[in-house]
Amino acid sequence: MNVKMIMFSGILTALAGSVIGLAGARIGQNDFNQLRFESEYYRNLYNKYVLIGAKIGFAVGVAQECVRELQMQQEE
């Protein structure tokens, strides 16, 4: 298996996932700069959306590239 290609695919989809997570955080709050909640958890919630999106994107990218590599090995 080509580990470099698998990691590259995972990193690119992690970047895409973090952008989607950031967009979700921005869409979820009307005024992004004015916080509505006092709790520290809610103040940093948009950072967690970015991390969650990046983790999911990385997992999807790695899994997809692993499937492609396994299909290529099976064809050989």
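If you read the sequence from its start, that first residue is 1, and numbering goes on from there. Everything quoted here is computed from the prediction, not taken from an experiment.
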* Asked: Among the clusters formed by ILVMFWY side chains lying less than 4.5 Å apart, do Val3 and Phe58 turn up in the same one?
  ->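 Same cluster.
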* If you group Ile, Leu, Val, Met, Phe, Trp and Tyr by side-chain heavy-atom gaps below 4.5 Å, do Val62 and Leu70 land in one group? ->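 Cluster IDs for Val62 and Leu70 match.
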To the nearest 0.5 Å, tell me how far [X] [atom1] sits from [Y] [atom2].
X     : Y     : atom1 : atom2 : value
Asn2  : Gln73 : CG    : CD    : 10.5 Å
Gln64 : Arg68 : CD    : CZ    : 4.0 Å
Lys55 : Lys48 : NZ    : NZ    : 10.5 Å
Glu65 : Thr13 : CD    : OG1   : 9.5 Å

* Just by distance, do the side chain of Ser9 and the backbone of Met5 share a donor-acceptor pair under 3.5 Å? ->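 A pair under 3.5 Å: no.
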* **Short side-chain to backbone donor-acceptor contact, Ser18 and Ala54, under 3.5 Å** =>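 Between the backbone of Ala54 and the side chain of Ser18 there is no qualifying donor-acceptor contact (under 3.5 Å).
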